[in-house]
Amino acid sequence: MNAYINIIGNGIYVICSIRKADIVGKRFFTYFLGGLVVLFFAVTVAGYVVKTKNAGRIAPGIILCGRDVSGMKLEEAERLPEGFLPEFTTELRCHFLPELQEEVEAAVKEEKLRFTVQGGELCLTVKAPMVRVLLAETIDAVTKKSSEVKVWEWLYAEVTGKAFQSRTVEAVLVWEEAYFGELLAIFEELLERDCVEATVQWEMGHIVVKESRRGFRLETAAAWKNAEQLASEVLDLLRREPIEGMVVRFFLNGTVLMPRLTTSQAKKCDTKIGEFTTGYQGAGSGRAQNIAAGASHLHAKVILPGGEFSTAAALMPFTEENGYATGGTYINGALSESIGGGVCQLSTTLYNALLRTTLEITERCPHSMPVGYISPGQDAAIAGDYKDLKFKNNTKAPVILLCETTEDKVRVTLYGTKEARRKNVTLESVITEKTESGMTVEVYRIEKAEDGAVFREKISTDKYRNIGG
């Protein structure tokens with residue numbers, strides 16, 4: 001043993017002894033560390049050699065879409081992702097209107113795609129993927145993950161023939177929205193159509209009904225929403241594991257568009273429900289012209305169920321261009337003349353026809369003075385925008401308004417559903433008050449039922465001034 005004496009501070013002696021065994025241990029530790037360094041350096045160099053030798057190849061342990069792509073060249077890997085997709089079958093299904101069966105069958109025969117039509121359902125089958133792999137992005141992901149592999153892992157794989165650990169890379173997949181949109185557009189073209197309202201017309205003295213048609217609209221917003229959700233599920237499934245085959249079904253829904261007026265409703269307009277005639281013998285040429293012109297504007301008007309008809313709106317404007325001339329009328333309680341004078345006889349005739357129906361009269365105004373062509377209280381005036389005759393079609397069938405003139409008479413006829421007709425109706429005007437300046441008139445509707453019962457109903461109370469009163 002060798003001894004050494006060290007002086008520390010003021011006279012403090014420390015005797016240190018070093019054994020031979022300690023020196024040997026120290027040397028061993030030094031050699032061990034050196035060996036490790038050499039080994040690490042050797043492994044690193046060897047790993048770099050292996051990695052360099054495999055330059056351009058994917059690192060060991062890289063798993064793409066559930067498949068081991070270790071050692072594969074990048075250009076080979078670029079061809080792989082598309083092959084990783086399963087055999088895709090895409091189906092779109094949608095029920096359609098039964099009345100379109102023949103039309104749809106004829107249309108799909110001209111399409112090159114595979115359609116089947118069965119049980120009121122149209123099915124389109126496409127052997128094409130609805131998913132696309134973004135190759136560049138996927139290869140970038142593979143390269144990035146490959147760069148994470150350590151050089152010693154390259155050496156380990158070279159020596160053992162297997163990867164030290166696996167690293168998973170997900171293919172960058174996108175849903176083929178544009179392709180789905182194209183298929184959806186084909187369904188829209190084949191199945192969609194507008195609804196058509198039934199129409200009622202007066203032609204050659206007869207009521208002609210043109211049939212209605214139901215319409216159909218695909219619920220495209222819901223289809224896109226469902227497609228996005230399904231696409232997300234499909235993409236997640238494809239990223240997790242390899243799949244040999246996949247069938248993706250889309251069930252499309254549609255909305256049936258119903259016309260406001262159907263054929264069955266329109267055909268109920270088959271009954272004469274009201275009619276009335278007034279005469280204008282001795283009327284001046286201008287007044288006669290105005291009655292004829294106004295009648296042409298009212299004739300063959302159709303009022304749909306729930307609709308309200310304005311007589312003034314149908315007659316105006318009172319201009320020469322609209323066929324009117326100067327005619328006699330009441331203005332501010334005095335006889336005068338104006339363009340369109342005399343059309344009030346049309347509204348009065350219509351009013352009396354309406355009183356013989358169950359149609360709802362929503363507005364009616366009397367003249368300021370009695371008129372010569374109808375009993376007092378049974379008239380209906382038209383003046384500017386403050387006097388009008390309006391009625392509402394409160395039935396479930398259209399009403400046709402006919403207004404026809406002869407040389408000295410005007411007749412209004414109303415056609416509608418038989419439920420709107422009143423039977424055995426007469427009107428009675430009762431003067432309840434009469435003075436030098438005017439009178440008060442009450443009008444009663446008297447209706448006699450088939451069993452003999454008589455119903456008497458007061459429908460108006462009007463005040464009239466005498467001419468000049």
Side-chain angles (χ1 to χ4, degrees), residues 198-209 260-279 295 298-309 311 345-364 366 371 373-380 389-406 409-432 441-462:
T199 60
V200 179
Q201 296 176 332
W202 183 259
E203 296 181 5
M204 305 296 291
H206 298 281
I207 296 174
V208 178
V209 175
R260 292 175 302 168
L261 181 63
T262 64
T263 302
S264 60
Q265 287 177 299
K267 286 184 176 180
K268 291 180 180 179
C269 179
D270 60 358
T271 304
K272 183 188 292 186
I273 60 174
E275 187 174 58
F276 198 77
T277 301
T278 60
L298 293 179
H299 187 63
K301 286 289 189 288
V302 176
I303 301 89
L304 297 178
E308 186 177 49
F309 181 80
T311 308
Q345 186 163 347
L346 297 172
S347 57
T348 294
T349 308
L350 172 58
Y351 175 57
N352 280 264
L354 289 169
L355 289 174
R356 287 154 174 80
T357 72
T358 62
L359 298 175
E360 180 185 356
I361 299 172
T362 56
E363 183 179 338
R364 172 258 171 184
V371 294
Y373 50 84
I374 198 72
S375 300
Q378 298 179 28
D379 58 312
L389 172 65
K390 295 181 180 180
F391 70 93
K392 185 176 182 180
N393 181 0
N394 53 0
T395 72
K396 295 183 178 180
V399 168
I400 296 181
L401 165 59
L402 304 178
C403 190
E404 301 164 290
T405 61
T406 61
K409 291 182 181 180
V410 56
R411 182 177 68 248
V412 169
T413 307
L414 297 168
Y415 281 89
T417 178
K418 60 183 179 180
E419 289 79 11
R421 180 179 60 182
R422 295 180 186 270
K423 297 179 180 179
N424 303 318
V425 171
T426 58
L427 299 179
E428 180 183 4
S429 295
V430 179
I431 300 175
T432 60
V441 180
E442 292 181 351
V443 176
Y444 293 86
R445 177 166 49 200
I446 302 169
E447 186 173 0
K448 188 176 182 179
E450 293 181 354
D451 60 1
V454 176
F455 300 92
R456 183 182 176 89
E457 172 192 7
K458 186 171 76 170
I459 58 174
S460 65
T461 300
D462 301 317

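The first residue of the sequence shown is numbered 1, and numbering continues consecutively from there.
- When side chains are defined from C-beta on, Asn394 counts as touching Leu359, because their heavy atoms get closer than 4.5 Å.
- In this structure, the side chains of Leu355 and Phe276 stay at 4.5 Å or more apart for every pair of heavy atoms.
- By the 6.0 Å contact criterion, NZ on Lys267 is open, its count of non-hydrogen atoms from other residues, nucleotides or ligands being 12 or less.
- Looking at Ile361 and Leu389, their side chains come closer than 4.5 Å, going by heavy atoms from C-beta outward.
- The local environment of CD in Glu457 is crowded, with over 12 non-hydrogen atoms from other residues, nucleotides or ligands closer than 6.0 Å.
- Pairing each heavy atom of Val441 with each of Pro376, the nearest pair is CG1-O, 3.5 Å.
- The distance from the NZ atom of Lys423 to the CD atom of Glu447 is 10.0 Å, given to the nearest 0.5 Å.
- Expressed to the nearest 0.5 Å, how far CG of Asn393 lies from CD of Glu308 amounts to 11.0 Å.
- Contact check for Glu428 versus Arg456: side-chain heavy atoms found under the 4.5 Å cut-off.
- To the nearest 0.5 Å, atoms NZ (Lys418) and CG (Asp270) are separated by 8.0 Å.
- For Leu354 against Thr357, the heavy-atom pair with the smallest separation is O-OG1, 2.8 Å.
- Of all non-hydrogen atoms in Ala266 and Ala198, the two that sit nearest each other are CB-CB, 3.9 Å.
- Annotation for Ile273 and Gly416: closest pair CG2-N, 3.9 Å, computed over non-hydrogen atoms.
- With rounding to the nearest 0.5 Å, the separation of OG1 in Thr311 from CZ in Arg364 is 12.5 Å.
- In this structure, the separation between CD1 on Ile459 and CD1 on Ile446 is 10.0 Å, given to the nearest 0.5 Å.
- Residue Glu275 comes nearest to Thr413 through the heavy atom pair OE2-OG1, 2.9 Å, listed as atom of the first residue, atom of the second, then distance.
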- Query: What's the verdict on side chain to side chain contact (heavy atoms under 4.5 Å, CB included) for Leu350 and Phe391, showing C-alpha distance, side-chain angles and the deciding distance?
  - Reply: CA-CA 10 Å; Leu350 172 58; Phe391 70 93; 4.3 Å; yes

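- Thr349 places no side-chain N or O within donor-acceptor distance of the main-chain N or O of Val412, the cut-off being under 3.5 Å.
- If you take CZ on Arg421 and CG on Leu414, they are separated by 13.0 Å, rounding to the nearest 0.5 Å.
- A distance-only check finds no donor-acceptor pair linking the side chain of Thr417 to the backbone of Ala420 [under 3.5 Å].
- Nearest heavy atoms, Leu298 versus Cys403: CB-CB, 3.9 Å.
- In this structure, the side chain of Arg445 does not engage the main chain of Leu427 through any donor-acceptor pair within 3.5 Å.
- A distance-only check finds a donor-acceptor pair linking the side chain of Asn352 to the backbone of Gln378 [under 3.5 Å].
- Gln345 places a side-chain N or O within donor-acceptor distance of the main-chain N or O of Gly279, the cut-off being under 3.5 Å.
- Side-chain contact between Val200 and Tyr415: absent, with no pair of heavy atoms (C-beta onward) separated by less than 4.5 Å.
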